[in-house]
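Sequential numbering from 1 along the given sequence is applied to the chain's residues. Values in this document were obtained by computation on a predicted structure and should not be read as measured data.
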Amino acid sequence: QLQLVESGGGSVQAGGSLRLSCQASGDTSTPTCMTWFRSGAGKEREGVAHIGYSGVSSYSDSVLGRFTISKDNAKNTLYLQMNSLKPEDAAMYYCAARVPCSSSLAPAIRFNRDYYHYWGQGTQVAVSS
């Protein structure tokens, strides 16, 4: 079992930055792949940033070059640094984990929500223009 708790959401103006955190607890010893998803108003949940157990990361086109995913294994914490935020980035952000997982998930599935076993409750991000 794995528990995930997100934090760090808030309200910013366009062009601003936020850093989201996802604290994992429970069985954190098993290799895990993790992804940040988001659900905007009237939109389906989409994956935006993925990191494999080995640390290899990938991003959706919509956030590439602006968002950075990272993790601190000692703290069992996943991060999402969000820079140059746009109004269209406003959403509830969720972290999700697939366990077990080796290096990283294949491109075809890494942003598919059906492949993840554990989810946090989400943290809200608002971006004003």
Examine distances only and state if a side-chain atom of Lys71 and a backbone atom of Gly52 form a donor-acceptor pair shorter than 3.5 Å. yes

Going by salt bridge (charged side-chain N to carboxylate O under 4.0 Å, His left out), name the pairs with one or both residues in residues 82-106, residues two or more places apart or in two chains. Arg38-Asp89, Arg66-Asp89

With a sphere of 6.0 Å drawn around CG of Asp72, does it hold more than 12 non-hydrogen atoms of other residues, nucleotides or ligands? yes

Return the set of residues passing side chain to side chain contact (heavy atoms under 4.5 Å, CB included) with Glu44 (not counting sequence neighbours), or none when no residue passes. none

Is any side-chain heavy atom of Tyr118 less than 4.5 Å from a side-chain heavy atom of Val99? yes

Excluding sequence neighbours, so at least two apart, what forms side-chain hydrogen bond (donor to acceptor under 3.5 Å, both in side chains) with Asn83? Ser17, Gln81

Taking Gln1 for the side chain and Asp27 for the main chain, is one N or O donor matched with an acceptor at less than 3.5 Å? no

Kindly say whether Thr30 contributes a backbone atom to a donor-acceptor pair with the side chain of Thr32 at under 3.5 angstrom? yes

Checking Leu2 against Thr28 for the side chain to side chain contact (heavy atoms under 4.5 Å, CB included) test, could you report, in this order, the C-alpha distance in whole Å, the side-chain angles of both residues, the deciding distance, and whether it holds? CA-CA 7 Å; Leu2 196 65; Thr28 58; 3.8 Å; yes

Interatomic distance, OG1@Thr35 vs OH@Tyr115, rounded to 0.5 Å, equals 13.0 Å

Any salt bridge (charged side-chain N to carboxylate O under 4.0 Å, His left out) involving residues 101-124? Give me the pairs, sequence neighbours left out, ordered by first then second residue. none

Which word best sums up how the rings of Phe67 and Tyr93 line up, parallel for under 30°, tilted for 30 to 60°, or perpendicular for over 60°? tilted

Show the nearest heavy-atom pair for residues Ala126 and Ala90, with the distance to one decimal. CA-CB, 4.2 Å

Test log, rule side chain to side chain contact (heavy atoms under 4.5 Å, CB included), inputs Cys22 and Trp36: CA-CA 9 Å; Cys22 173; Trp36 285 99; 3.8 Å; yes

Take Phe37 and Glu46 through the test side chain to side chain contact (heavy atoms under 4.5 Å, CB included) and record every step on the way to the result. CA-CA 5 Å; Phe37 287 82; Glu46 63 168 338; 5.8 Å; no

Shortest non-hydrogen contact between Tyr59 and Ile69, atoms and distance: OH-N, 2.9 Å

Can you name the closest pair of heavy atoms from Leu18 and Gly8 and give their distance? CD2-O, 3.9 Å

Straight-line distance of Met82 CE to Arg19 CZ, nearest 0.5 Å: 11.5 Å

Pairwise distance NE2(His117) to CG(Leu4) - rounded to 0.5 angstrom: 12.5 Å

What heavy-atom pair brings Ile109 and Tyr116 nearest, and what distance separates the two atoms? O-CE1, 4.4 Å

Hydrophobic cluster membership, with links at side-chain heavy-atom distances under 4.5 Å among I/L/V/M/F/W/Y: are Leu105 and Leu64 in one? no

Applying side-chain hydrogen bond (donor to acceptor under 3.5 Å, both in side chains) as the test, list every pair that has at least one member in residues 7-16; sequence neighbours left out. none

With the side chain counted from C-beta on, respond yes when Leu78 and Ile51 share a heavy-atom pair under 4.5 Å apart, and no when they do not. yes

Where Gly47 and Ser60 come nearest, the two heavy atoms and their spacing: O-CB, 3.6 Å

Sorted by chain and residue number, the ring pair (Phe, Tyr, Trp, His ring centres under 6.0 Å) partners of Tyr94 (sequence neighbours excluded) come out as none

Where Thr123 and Gly9 come nearest, the two heavy atoms and their spacing: OG1-N, 3.0 Å

Set out, in order, the CA-CA distance, both residues' side-chain angles and the distance that settles side chain to side chain contact (heavy atoms under 4.5 Å, CB included) for Thr77 and Ser21, then state yes or no. CA-CA 7 Å; Thr77 303; Ser21 299; 4.2 Å; yes

Without hydrogens or angle criteria, can the side chains of Tyr53 and Ser104 be said to hold a donor-acceptor pair below 3.5 Å? no

dist Leu85:CG -> Ser129:OG (nearest 0.5 Å) comes out at 13.0 Å

Can you measure from NE2 (His50) to OG (Ser58) and round to the nearest 0.5 angstrom? 5.0 Å

Nearest-0.5 Å distance, CD of residue Gln23 to CD of residue Gln3: 11.0 Å

Honestly curious: do Val56 and Leu80 fall in one hydrophobic cluster under the side-chain, below-4.5 Å linking rule? no

